[in-house]
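So the structure is just underneath, and the comments pick up after that.
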Amino acid sequence: MCGIIGLVGSSDKFPLKPGIMVYRGLLRLEYRGYDSAGVGSVTSKGVQILKGKGSIRELEKKLCLSCIDGAIVIGHTRWATHGAPSDTNAHPHTDCNNKIAVVHNGIIQNYQELRDILIGKGHIFRSETDTEVVPHLIEEIYRRLGDFYESFKRAISMLKGSYAIVVITSYEPDKLFFAKKDSPLIIGLGDGFNLVASDIPAILEYTRYVITLRDNWIGYVSSNKILIEDLADSRVVEWKKLVRTVEWSIEDAVKGGYPHFMMKEIHEQPRALKETLYGVQRDPAIVKAVELLARADNVYITGAGTSYHACYYYSILSSILAKRLVYSFIASEYSVYASTADKPDVLIVVSQSGETMDALKALRAFKEKGVSIIAVSNVVDSAIPRESDLAVYTRAGPEIGVAATKTFTTQTLVLSWLSIALGQGTGALTKSEAEYYRGWLKKSAEIVAKTISWNEALAMELADWMRKKRSVYYLSRGIGVPIAMEGALKLKEIAYIHAEAYPAGESKHGPIALVEEDFPVIFIVPEHRELEKALLGNIQEMKARGASIIGVAAESTSLSNYFDYWFKIPSSHWILTSISHILPQQLLAYYTSVKRGFNPDRPRNLAKTVTVE
Ligand code: M6R
């Protein structure tokens, strides 16, 4: 995910200096990415670019992004996908002659192929990004056609993948060119100026009139003209009917209309899963990881908090799908495990931020023993992937809420994919069995979207009852246990209610002593006949002591008669348990926190990234 803004107008009409307008817009897009940023404008000598690695505020101090001159300016804040965060990989990217500058959000799938052709024609590339092919491709076509807009259209029609692209050029210094497919882009209409941006917050300070662009739309805006065409059928789009007035305040808009980042991130999960799936399907690191894991003597997996729950989930999946025992441990306990680790072993380190000190320490301790390290992270080029032999990335986009939500579901998606690949690689699964499981993972976004819409109202209602409780149990068996643990962590972390998770079979060995009338017990019921059968006895023993039973179970469950409340999950497959069954628990924790008067985005005593031991 990246953020884009572009601005064009007559010098006397801007409410502020264009450089300042773009800089302020970028700050509002920072939630989309923050590892590098840049701005560009058209001058008499070509395009002028200021860009670099670091946050927008750091770069403002270093380069004064807001000082950029000109009546046509573009800006970009990056969340690295192709190429680590660096000064050269930051956007805008330019052509060989510095006449065309491009900002892009999305992924160009055929960039390598286009890059090879363009290099063959003498183009010099400066970055490792997929985006850089765009200015060179336009330049190449423009050499022949001499018509910029036509060259831009032809270049865009050669791209495969997803993109929101904005281009400025000294060949046509009064127009902002844009194209959109699968990545968001809007036009903002000002008085004597117009804007293009990834999202409403970037432009809301300057206008409330917007047009939301659709896929395959392409065109340009100048100070007083807007042209939109549909690339699919070359039709000119009647845009006047599409202008709408935004009702949000600036404050609302930063969270995209959601009251908290956590809520926004819960709702972003279908898209985060889709993007992660797209990445993992094509990631050569998965093949290399399977090679390493297949020949390892022992496999360990570690992380902290939510990431540890993803590790535990992987260890269960690995024994089911790859018939491979994996030791999962909490990162801060690394010394127990590192002491026996040896060279032919592999350690998988899972960390959303890639910077958690406990996980980093574990990594280093194992590395010292000669163990190969595989990182699973959401942040490209963060410390953990950097120090690992191999990195696989989730593509959840920046997570701002302290409580991990979309990064947990995307982590377990990646780890599920890996265990299927390992199962197939070691012969534990046949090709068709592996395809069958992968088929279910491909449905994850759809299942999650349905699960949210089916359960939000119940979560809100139940939160009213839950907010008065002092203690809650989260129980499950097998693959459901780490999901119960993650649910309990969510409630504890943001609603400050004591919540404990354990395998349901343990109840009678102690915890049941606490159960009394109306004590909440949440049962995570994976869609698996044997586990359901085994959980029935545990539900009954809790009910017999007066507990109120909240079931998180598929619509096909045979246990619904035992539930006092039922979070209904669309029927799918147990392999999706980590993705589908966690959703109602995220929602319940969120609403309970809000009803108790807390801010779920800023839980007390916690930081998003824990860089201390
Ligand atoms: O960035 P990491 O995944 O390494 O972070 C690990 C934990 O600090 C993190 O998951 C924490 O438990 C979350 N706040 C839980 O919601």
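First listed ligand is number 1; within each ligand, the first listed atom is number 1.
Closest protein heavy atom to atom 8 (O) of ligand 1: Val610 CG2, 4.1 Å. In terms of protein heavy-atom proximity, atom 10 (O) of ligand 1 is closest to Thr306 N, 3.1 Å. The protein non-hydrogen atom at the shortest distance from atom 7 (C) of ligand 1 is Ala304 O, 3.5 Å. Here the heavy atom of the protein found nearest to atom 5 (O) of ligand 1 is Thr356 OG1, 3.5 Å.
Residue-ligand proximity, Lys490 to ligand 1, at heavy-atom distances under 4.0 Å covers atoms 15 (C), 16 (O). For ligand 1, the atoms sitting less than 4.0 Å from at least one non-hydrogen atom of Ala404 are 15 (C), 16 (O), numbered in the order shown with element in parentheses. For ligand 1 and Glu493, the ligand atoms under 4.0 Å from any heavy atom of the residue are 13 (C), 14 (N), 15 (C), 16 (O). Below 4.0 Å from some heavy atom of Ala403 lie the following atoms of ligand 1, by number and element: 16 (O). In the vicinity of Ser307, heavy-atom distances shorter than 4.0 Å reach the ligand 1 atoms 2 (P), 3 (O), 10 (O). Annotation for ligand 1: atoms under 4.0 Å from non-hydrogen atoms of Ser353 are 1 (O), 2 (P), 4 (O).
Side chains of Gln269 and Thr409: a donor-acceptor N/O pair is present below 3.5 angstrom, by distance only. Glu486 and Thr306 are linked by a side-chain donor-acceptor pair at a separation below 3.5 angstrom, with hydrogens and angles left out of the test.
Under the 6.0 Å cut-off for aromatic ring centres, Tyr327 and Phe366 do not qualify, their centroids lying 6.0 Å or more apart. In summary, the aromatic rings of His267 and Tyr258 are positioned with their centroids under 6.0 Å apart. Two rings, from His581 and Phe567, have their centers 6.0 Å or more apart.
Between the side chain of Lys51 and the backbone N or O of Ala90 there is at least one donor-acceptor pair closer than 3.5 Å. Checking side-chain atoms of Thr394 against main-chain N and O of Ser377 turns up a donor-acceptor pair under 3.5 Å.
Cation-pi contact between Arg596 and Tyr496: absent, since separation from the ring centre below 6.0 Å together with deviation from the ring axis within 45° is not met.
The shortest N/O to N/O separation between Val402 and ligand 1 falls below 3.5 Å.
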